[in-house]
Protein chains: 2
Amino acid sequence: MSKTARTASVTPLLGEGDDVGTVAKFFRALGDPSRLRLLEFLLDGEHSVSDCVAHIGLSQGRVSTHLACLADCGYVRARREGRWCYYRVADPRVAELVMLARALAADNGAALAACERIDGPEPHRDRA
Amino acid sequence: MSKTARTASVTPLLGEGDDVGTVAKFFRALGDPSRLRLLEFLLDGEHSVSDCVAHIGLSQGRVSTHLACLADCGYVRARREGRWCYYRVADPRVAELVMLARALAADNGAALAACERIDGPEPHRDRA
DNA sequence: TGAACATATTCGCCAAAGCAGATATTATGC
DNA sequence: GCATAATATCTGCTTTGGCGAATATGTTCA
């Protein structure tokens, strides 16, 4: 369902024309703690897959998939060298994005941490 | 919540001091198409809950929860007026964040859309 | 008081997606 | 060729979380 030119008013800043689902997917890639940690590790510099495995402590398969996901989304780029595969951040704006999110999140840390609408209400529901 | 294994990475550009899980949560809030659409709608200006319901076409309960979630995360702020509740974007940096993500996502639109690691590879998946 | 309205919360259902472990692929060396 | 190492993909299992519908809370007015 394409709704053409909804308002055209006060939002020259955002397209609204392009796919919201795609951008949501883009955000969702960083919505997982493991991937975000991987990305931050790579913001530190180029690292091989096994470096990443050692750093975050997940299974090799999981890490490989996470890195591939970050690469698909354009956050990082892979460089093959023999049997090794090195990943590095693909665009300097990625650091900007993360820093901006950090700043915003920090300004609302308390409420964010308490937000039960994301991440489950509690271990188990016990009505009172 | 799981233990966020205390990354000892050397990351001068990013705070690193604060919890990765919290920032991931922050990103995750925009990782849902419905919430992202709501946020974009609010970037257009202040709107009531029922305005939002009419705009995105989800159930009233869902919209209310999504808005509360965005508020918890600090993206928007609520203003009560009688029976109505108006939501508006809480910080100008939110627009920056979304625009930056849009720009990055646009530069990698093809691969991002094709990324099956998020959103399902599946036999025959179908998306709205 | 109660009815009508706007919003918030709860409930069961089910798809999306994280995880480890097994396996497949590719590259190097013997 | 075979063995080994580094990475990629597949297979189940389990949790997270979005959804509508029902319900609860709160507000205004008669």
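Chain letters run A, B, ... following the sequence lines, proteins first and then strands; every chain starts at 1.
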Regarding the side chain of B/L58, the nearest nucleotide among C/dG18, C/dA8, D/dC19 is D/dC19
B/R28 side-chain proximity, nearest of D/dG17, C/dA8, D/dT7 | D/dG17
Between A/E40 and A/R35, does at least one N-O distance fall below 4.0 Å, as a salt bridge requires?
-> no
Candidate nucleotides D/dA8, C/dC19, C/dA8, ranked by approach to the side chain of B/C85 - the nearest | C/dA8
Which nucleotide, D/dT4, C/dA6, C/dA8, lies nearest any side-chain atom of A/R83?
-> D/dT4
Tell me whether the OP1 or OP2 atom of C/dT9 has a side-chain N or O from B/S64 closer than 4.0 Å.
-> no
According to a strict under-4.0 Å criterion, is B/S34 in side-chain N/O contact with OP1 or OP2 of D/dG18?
-> no
Are any of the side-chain heavy atoms of A/F26 and A/L97 separated by less than 4.5 Å?
-> yes
Tell me: CG of B/L36 to P of D/dG18, nearest whole Å?
-> 13 Å
Write down the distance between CZ (B/R37) and P (D/dG18), rounded to a whole number of angstrom.
-> 15 Å
Test: A/R77 and A/E46 ion pair at under 4.0 Å | no
B/T65 near the nucleic acid: base, sugar-phosphate alone, or nothing, with a heavy-atom cut-off under 4.0 Å?
-> base
Under 4.0 Å: is that the gap between some side-chain N or O of B/H66 and OP1 or OP2 of D/dC19?
-> yes
Report which part of the nucleic acid B/S59 touches: base, sugar-phosphate, or nothing (heavy-atom distance under 4.0 Å, all strands).
-> base
Specify the separation, in whole Å, of atom CG of A/D51 and atom P of D/dA5.
-> 17 Å
Listed nucleotide nearest any side-chain atom of A/W84, set C/dA8, C/dC5, D/dT7 = D/dT7
For B/Q60 and D/dT25, give me the distance from atom CD to atom P, rounded to whole Å.
-> 15 Å
When all nucleic acid strands are considered with a 4.0 Å heavy-atom cut-off, which category describes B/L67: base, sugar-phosphate, or nothing?
-> nothing
Pairwise side-chain contact, A/V76 with A/L38, heavy-atom cut-off 4.5 Å (strictly under) | no
Quick one: is D/dA6 close enough that its OP1 or OP2 comes under 4.0 Å of any side-chain N or O from A/Y87?
-> no
Could you state the atom-to-atom distance from CZ of A/R62 to C1' of D/dA6 in whole Å?
-> 18 Å
Which nucleotide in the list D/dT7, C/dA8, C/dG18 gets nearest to the side chain of A/R35?
-> C/dG18
Take the protein atom CG of B/L30 and the nucleotide atom P of D/dG17, then report the distance between them rounded to whole Å.
-> 14 Å
Round to a whole Å and report the spacing from CG of B/D32 to P of D/dG17.
-> 11 Å
Nearest-Å distance, CG (B/L70) to P (D/dG17)?
-> 15 Å
Charged N to carboxylate O below 4.0 Å: is that the case for A/D107 and B/R93?
-> yes
Could you check B/S48 against A/R80 and say which one's nearest nucleotide on DNA chain C is further toward the 5' end?
-> B/S48
Under 6.0 Å between ring centres, would you say that holds for B/F41 and B/H47?
-> yes
